[in-house]
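Order of the sequence lines sets the chain letters (A, B, ...), proteins ahead of strands, with each chain counted from 1.
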Amino acid sequence: MDSLFAILNAVLVLGLLGALFGLVLAAASKIFEVKKNPLFEPIIEVLPGANCGACGYASCSALAEALLEGSASTNACVVGGEESSKAIAEILGVELEKNTRLAAFVNCSGGNNAAKRYNYIGISDCHAAMRLADGPIVCRFGCLGLGSCVKACPFGAIHLENGVAKVDHEICTGCLICVDTCPKHVIHPVPYYADVNVACSSHEKGGALRKICNIGCIGCKICERTCQYDAIHVIDNLAVIDYEKCTGCGECALKCPRKLIVDSNLDRTPRVLDKAQ
Amino acid sequence: MSLTSLISISLGAILVENYVLVQFLGICPFLGVSKKTDTAVGMSFAVIFVMTLASAVTYLVNEYLLVLLNLEYMQTVVFILVIAVLVQLVEMFLQKAVPALYQALGIYLPLITTNCAVLGVALLNVVSEYTFIESVVNGFASAVGFSLALLLFSTIRERLEVSADIPKAFEGIPIALVSSALLAMSFMGFSGLKVF
């Protein structure tokens, strides 16, 4: 009888405790209820949920809240791209903002072609290498090729090729985390539709550059003369493309004696930014 | 109970009987959220918060409910219930009252409901026959010890991530386990430490 009583006692106490706690929680959920905007859930659904922070907000849900407040633009999410911005504009009932999608491009093709100051043996990280006399590459403007951007990219869009980082434009979402990561500032944002890019950042004069890099821009201006659209100019010994004017014909890439103008030739239609809009 | 005994309890809980590295409690979050220092910091604050609160509440429940009803053998199950409810309640309260703190603790708050270190501290408080103040201090200090281990380990793991000279077969979890073993061994060095 005693043991039966003990069992009953235990069951009753735990049961009552559980019921009591349940009631308390139920009451608390009413008292502390935080009203959520009914549009919050549908917006979360169309956002990619990568929480990459490329939009400038801590997470996708933070962006969703900012969108509901109206403090973020509908195309803030670079990862979701056009698809998600369209969906968001639809949910919020506002007009879609213009597509300004970007991609990252490494303005360097040095790598194994660039002269080395010393042989770097250490942590495979550009920031670490920068501490040793600004890195093993002589060129002040060149990629160190130790892959800090490769590790930083949340989408695996960057890999090393011949000792220089290369962005895969098919995968690049334009979050531009790599742009901030690169200690040499050799990665730049370019319009997503720009197929032709100059893979060099060096402002060194031709003669000086030939000594430290087998491939860099010598400022010969052949590209400038080739371009029919006045879209490429040599400024400070470096060819620079004006993406507003560039049609992506790729003539300059064919004529470049150093072969450093890259025509990715993905044949996206339309090939230039103004046509995209 | 004196101040010296409280200090002795704190140091004991943080270094000598570190929950993770010496008593092997709470290994799951220790391995789970130690990949990045940022997340480790978030988790640490959540654990400190909950463990301190849980030791206080479980002490009261034990003293004024279970002991009176001769139900001490139900400690484990009742404590689990109490801690789970407590965390839920705190989460709801924070979301309403202090959204900033709620954002900072984020997902870690509900995650540690089932952290065995939290249950461990509640049960060990009873076994050690601590008073209310001692229980709370022990809860807080144990959580600080947990945080210390977590932060140390997360910095080690971040370092392991960048120095790439790990054999292929040991990359990821294996090297994490090996290094946590080494870290635990170094904490064994505190075992002779006696303050007062």
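In the displayed structure, E90(A) atom CD is contacted under 6.0 Å by at most 12 heavy atoms of other residues, nucleotides or ligands. Counting non-hydrogen atoms of other residues, nucleotides and ligands closer than 6.0 Å to CZ of F93(B) gives a total of 12 or fewer. Shown here is F140(B), whose CZ atom has no more than 12 heavy atoms of other residues, nucleotides or ligands within 6.0 Å.
For L66(B), no part lies under 4.5 angstrom from a heavy atom of chain A. Residue V61(B): no heavy atom, backbone or side chain, is found under 4.5 Å from chain A. Using a 4.5 Å cut-off between heavy atoms, M74(B) touches chain A through its side chain atoms alone.
Taking 4.5 Å as the limit, some side-chain heavy atom of M92(B) sits within range of a side-chain heavy atom of L25(A).
In this structure, the separation between CG on L12(A) and CG on L71(B) is 10.5 Å, given to the nearest 0.5 Å. Atom CZ of R159(B) and atom CD1 of I123(A) lie 3.5 Å apart (nearest 0.5 Å). A distance of 8.5 Å separates CG of N9(A) from CG of N70(B), quoted to the nearest 0.5 Å. Between the CZ atom in F21(A) and the CG atom in L89(B) there is a gap of 9.5 Å [rounded to 0.5 Å].
What you find for A6(A) and Y73(B) is that their closest heavy atoms are O-OH, 3.8 Å.
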